[in-house]
Amino acid sequence: MNKLSKSFYQRDNVVQIAKDLLGKYLFTNLGDGITSGIITETEAYCGITDKASHAYGNLRTARTEIMYMDGGVAYVYLCYGIHSLFNIVTNKIDIPHAVLIRGIKPVDGIEIMLKRSKKTDISKLNGIGPGNVSKLLNIHFSQSGESLFDNKIWLEDRGLKIPPFKIIAAPRVGVDYADEDAFLPYRFRFTEF
DNA sequence: CGGCCGATCCACT
DNA sequence: GTGGATCGGCCGA
């Protein structure tokens, strides 16, 4: 097993990290077994100067405080009262950078994921959309602050490389409120393997 | 302490 | 393509 290292998460370029996370494997072991998927879509959130970030303007609350932790922990929060959205905290302590995981391709524990999503048909298993990612991997907002070097949530590099020309950059989703920052091409995905 | 709103998804048409 | 579900966080009073 080749877990991503602290130095991977603690670089200062969160946009580069968001790109590098494509093709990495995201694992969880939360209650009812190990599940994993290949990360297919990410979004970068660039701290206190990014109007789309929860930490914009150096906002510190009980919720956002997690983003100020040392790189390599999970930041999970509730959206629309229903969905737990999973982010990876990057950079050093007191610098609230994060990468939202928006899509995975299911790999390990397919049966468990089918049960979690109440589906029976593997072709209907859908890891597109940040709410679905958390549903399939059983991630809950109570896991916010969880270390990625522990055995509950972690990432691995299994040697899958995504050529830069296959990476599509686009504006982020649902951040219309962020004025000019809404147009930044901080959303990254790839479609073929 | 009350009210509004959000980095969404799904079932339905 | 659309509206309903559904609730914690944040802000202003």
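Protein chains get the first letters and strands the later ones, always in sequence-line order, with residue 1 at the start of each.
- No side-chain donor-acceptor contact under 3.5 Å links A:Ser84 to the backbone of A:His140.
- Between A:Lys124 atom NZ and B:dC10 atom C1' the separation is 14 Å, expressed in whole Å.
- In this pair, A:Tyr45 lays its aromatic ring flat on the base of B:dA7, centres within 5.5 Å and planes under 30 degrees apart.
- Side-chain atoms of A:Asp150 do not come within 3.5 Å of backbone N or O of A:Lys152 as any donor-acceptor pair.
- Across all strands shown, B:dC10 forms a Watson-Crick or G-U wobble pair with C:dG3, both key distances being under 3.5 Å.
- The nucleotide C:dA13 finds no pairing partner, because no Watson-Crick or G-U wobble arrangement with both distances shorter than 3.5 Å includes it.
- Annotation: of the two residues near DNA chain C, A:Tyr80 and A:His54, the 5′-most nearest-nucleotide partner is A:Tyr80.
- Distances shown here put every side-chain N or O of A:Arg187 at or beyond 4.0 Å from the OP1 or OP2 atom of B:dA7.
- As rounded to whole Å, 15 Å separates atom P of C:dT6 from atom CZ of A:Phe141.
- Residue side chain A:Tyr77 reaches the base of B:dA7 through a donor-acceptor N/O pair under 3.5 Å, judged by distance alone.
- Between the CG atom of A:Leu136 and the C1' atom of B:dT8 there is a distance of 14 Å, rounded to whole Å.
- Counting any heavy atom pair closer than 4.0 Å across all strands shown, A:Asn132 reaches sugar-phosphate atoms only and no base atom.
- The distance from atom CG of A:Asn126 to atom P of B:dC10 is 7 Å, rounded to the nearest whole Å.
- Taking 3.5 Å as the limit, the base of B:dA7 and the side chain of A:His83 contain no donor-acceptor pair of atoms between them.
- Between the P atom of B:dT8 and the CG atom of A:Asn87 lies a distance of 11 Å, rounded to the nearest Å.
- OP1 or OP2 of B:dC10 has at least one side-chain nitrogen or oxygen of A:Lys135 nearer than 4.0 Å.
- Formation of a donor-acceptor pair under 3.5 Å by the A:Thr28 side chain with backbone atoms of A:Leu137 is found in this model.
- Across all strands, A:Arg63 comes closer than 4.0 Å only to sugar-phosphate atoms, never to a base (heavy-atom distances).
- When each of B:dA7, C:dC11, B:dC10 is scored by its nearest atom to the side-chain atoms of A:Leu59, the top-ranked nucleotide is C:dC11.
- Per the geometry, NZ belonging to A:Lys118 stands 17 Å off P belonging to B:dC9, to the nearest Å.
- The CD atom of A:Glu41 sits 12 Å away from the C1' atom of B:dA7 (whole-angstrom rounding).
- Look at A:Tyr177 and you'll find a side-chain N or O under 4.0 angstrom from OP1 or OP2 of B:dA7.
- Atom pair A:Ile82:CD1 and C:dG3:C1' shows a separation of 12 Å (rounding to whole Å applied).
- Nucleic acid contact for A:Leu78: sugar-phosphate only, since backbone atoms but no base atoms lie under 4.0 Å from a heavy atom of the residue.
- Surrounding NZ of A:Lys92 are at most 12 heavy atoms belonging to other residues, nucleotides or ligands under 6.0 Å away.
- With the nearest nucleotide of DNA chain B identified for both A:Val173 and A:Lys119, A:Val173 has the one nearer the 5' end.
- A donor-acceptor contact shorter than 3.5 Å links the side chain of A:Asp181 to the backbone of A:Lys51.
- Distance alone, capped at 3.5 Å, places no donor-acceptor pair between the A:Arg189 side chain and the A:Thr40 backbone.
- Residue A:Gly81 is in base contact, counting any heavy-atom pair closer than 4.0 Å across all strands shown.
- Listed pair A:Thr61 / C:dG9 fails the phosphate criterion, with no side-chain N or O lying under 4.0 Å from OP1 or OP2.
- Closest approach to the A:Pro130 side chain among B:dT8, C:dG8, C:dC10 is made by B:dT8 (side chain taken as heavy atoms from C-beta onward).
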